[in-house]
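Here the structure is laid out as structure tokens; the discussion comes afterwards.
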Amino acid sequence: MKRRPDILKNARELAASVPRLRVAVLVSGRGSNLESLLRASREGRLDADVVLVVSNKADAAALDVARRANVPTSVLPSAGLTREAHEAALAARLDEARVDLVCLAGYMRILTPAFLRAFEGRLVNIHPSLLPAFPGMDAQRQAHEAGVRVAGCTVHFVTETVDGGPILAQAAVEVPPKASLDELRDAILAAEHELYPRAVQLLATGRARWIAGRVVFA
Ligand code: GRF
């Protein structure tokens with residue numbers, strides 16, 4: 001059947017009228033996952049814009065990544081503040097930037113239940129293991145010490161259970177028998193850089209949604 005050009009035009013207009021997801025990325029360190037999200041957005045693989053990068057560390061290299069990409073940054077140190085005061089400042093900054101989704105990318109702070117409630121269903125994290133295996137600190141070392149033959153990474157919604165929220169996407173990495181810890185870290189990180197933009201794209205396109213505490217796929 002021949003497709004009518006006016007139908008095509010309407011589909012194009014509809015696609016152009018769907019607002020792009022406004023994303024904030026919270027960082028504390030290197031910023032390689034931030035960089036992968038920025039690259040995917042720039043290259044048209046991600047229908048989302050990183051509109052704000054917030055760091056709790058003034059010297060985080062991730063801030064330079066953001067500045068190079070002309071993304072607004074905020075530094076919100078926590079020293080001398082209560083958790084509640086620090087997170088109130090963070091929430092205010094995120095609201096002011098009209099953020100749809102908050103991506104944690106190496107953000108080294110545990111968020112309070114009040115903050116998690118305020119951002120329920122709009123907060124995701126990337127963790128360097130195939131959850132629920134190896135939650136917590138230095139997941140790559142845990143995987144290496146356990147001698148796993150398959151490792152990987154997970155993007156999940158953030159809830160009060162640390163590294164325990166509903167899973168949005170995962171990627172597996174085969175571990176060669178004699179892989180060193182550094183080789184394992186590098187392989188997992190490369191998988192993270194592929195996975196995070198793909199996971200956020202699921203949300204940006206509505207192919208996955210948070211509904212009443214679960215991830216529902218279209
Ligand atoms: C990544 O391994 C991520 O999985 C973990 O922290 C690390 C952050 O790295 N949550 P980078 O700052 O994105 O380079």
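Residue numbers start at 1 and run along the sequence shown. We count ligands from 1, going down the list as the structure has it; atoms in each ligand are counted the same way.
- Using the six-membered ring where Trp is involved, His156 and His127 have ring planes that are perpendicular, over 60° apart on the 30 and 60° scheme.
- Side chains of Thr112 and Arg83: a donor-acceptor N/O pair is absent below 3.5 angstrom, by distance only.
- Using a 4.0 Å cut-off between a side-chain N of Lys or Arg and a carboxylate O of Asp or Glu, Asp100 and Arg20 do not qualify as a salt bridge.
- Residue Met137 is found in a hydrophobic cluster whose other members, listed by chain and number, are Met108; membership requires side-chain heavy atoms under 4.5 Å apart, directly or through intermediates.
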Residues 115-123, side-chain donor-acceptor partners within the protein, below 3.5 Å, at least two apart:
| from | atom 1 | to | atom 2 | distance (Å) |
| --- | --- | --- | --- | --- |
| Arg122 | NH1 | Val99 | O | 3.2 |
| Arg122 | NH2 | Ala118 | O | 3.3 |

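- Remark: Arg42 pairs with no residue by the side-chain hydrogen bond (donor to acceptor under 3.5 Å, both in side chains) rule, at least two apart or across chains.
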At less than 3.5 Å, what protein N or O atoms come close to the N or O atoms of ligand 1? Include the distances to 0.1 Å.
| from | atom 1 | to | atom 2 | distance (Å) |
| --- | --- | --- | --- | --- |
| ligand 1 | 2 (O) | Glu192 | OE1 | 3.3 |
| ligand 1 | 2 (O) | Glu192 | OE2 | 3.0 |
| ligand 1 | 4 (O) | Ile126 | O | 3.4 |
| ligand 1 | 4 (O) | Glu192 | OE1 | 2.7 |
| ligand 1 | 4 (O) | Glu192 | OE2 | 3.3 |
| ligand 1 | 9 (O) | Arg30 | NH2 | 3.1 |
| ligand 1 | 10 (N) | Ile126 | O | 3.0 |
| ligand 1 | 12 (O) | Gly31 | N | 2.8 |
| ligand 1 | 13 (O) | Ser32 | N | 3.4 |
| ligand 1 | 13 (O) | Asn33 | N | 2.9 |
| ligand 1 | 13 (O) | Asn33 | ND2 | 3.0 |
| ligand 1 | 14 (O) | Arg30 | NE | 2.6 |
| ligand 1 | 14 (O) | Arg30 | NH2 | 3.2 |
| ligand 1 | 14 (O) | Ser32 | N | 2.8 |
| ligand 1 | 14 (O) | Ser32 | OG | 2.5 |

